[in-house]
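Worksheet: one structure, shown below.
Every number for a ligand or one of its atoms is a count from 1 in the order of the listing.
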Amino acid sequence: MSSYIDLKYINEISARLSQFKKKGDYLFNFRCPHCGDSKKSKTKARAYFYRVKNDMFFKCHNCNLGQSLTNFLKFLDSKVYEQYLLERYKGSAPSTPQPKFTNFKPEFKEVDILDGLTPVNELNEGHPVLQYVIDRKIPSKYFSKLFLCNKFMSFVNKVKPGTFPHQKGEHPRLIIPFYDINNKVFAFQGRAFGKEQPKYLTVKLDENKQKVFGLERVNLQQHIHIVEGPIDSLFVDNCLAAAGADLTLKVEPSNVTYIFDNEPRNREIIKRMYDVVEKDYNLVVWPDDIKYKDINDMIISGMSKAEVQTIISKNTFAKLEALTKLSYYKKC
Ligand SMILES: [Zn+2]
């Protein structure tokens, strides 16, 4: 019955462990006091207490140190360590129930599905995935919100069991998480680096939510832009990405501008452009001389965010004017 004593002592020292969170009945996560954990991120926590049979162990996935709880306590506090030895080896059975960790309840967050993935800002210089986001000119302030997942299929099957019937063709992807207004991840998009299809795969963890990217950043009181791709949305002010979903927002259509990819030969997109005009939203109709297929391509070609914003403003139309522009724009 040593688990009970172990948990009691973990509870006792938990206040001294930075970012301490209960992740399961016998699983706790915190910043490693041995190595200090990540130097770049103050919130990253890679040390764990976990159970093997009836004993709790310590393991840090940053410095790789593993030890028994006994040795961890010895390292942390010799007094607590001595008490622990006494209590543990006198062999008395507990008469009180399992401690409830009530003191730290607000700290106990739900399991973060992104745990175990590497944020792009923590990749070493020259890493191909870091280079990939640099090449796409994604602003560095977003690097901590993009993640590398080396085994995409097994990751998806872990967070949403049964998504892939088998894991043949396992491959890495860039994970772009969708956060709700409370900063909780409810979906994510995996972008393939190779030829894997589909190139973008969106996985919803909460089926009741619309696949909308950028909710944690958008200001619904101001003019809203809606693009198709999450990466494109990072280059436009107050912008959401609808990732192909039919977005229903509780805002005045005149306060919303839809920006579709520049694909005048794509029937599906043309149809959706007409749909938003019918609903009285504003619509960007790209001018003839713009040959790039989306906003990210324009940025990669060397245009500044301000230049793209100017093109957007100059080519935003509504109602009849939008319909007229569309009839010249469509090539299908
Ligand atoms: Zn460590």
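Taking Tyr200 as the reference, Arg136, Gln189, Arg191 meet the side-chain contact (heavy atoms from CB on, under 4.5 Å) condition, with sequence neighbours excluded.
Listed by first and then second residue, the salt bridge (charged side-chain N to carboxylate O under 4.0 Å, His left out) pairs that reach into residues 152-163 are Lys160-Glu207, sequence neighbours excluded.
Take the Zn ion (ligand 1) and draw a sphere of radius 2.8 Å; the protein N/O/S atoms inside it number 4.
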Identify every side-chain donor-acceptor pair in residues 142-156 under 3.5 Å, counting partners at least two apart or on other chains, and give the distances.
unit_1	atom_1	unit_2	atom_2	d
Lys145	NZ	Glu216	OE2	2.9

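A distance-only check finds no donor-acceptor pair linking the side chain of Asp294 to the backbone of Asp261 [under 3.5 Å].
When only modelled atom types and interatomic distance are considered, Asn54 and Tyr26 share no side-chain donor-acceptor pair under 3.5 Å.
A side chain to side chain contact (heavy atoms under 4.5 Å, CB included) with Ile224 is found for one member of Asn282, Val251, Asn255 and no other, namely Val251.
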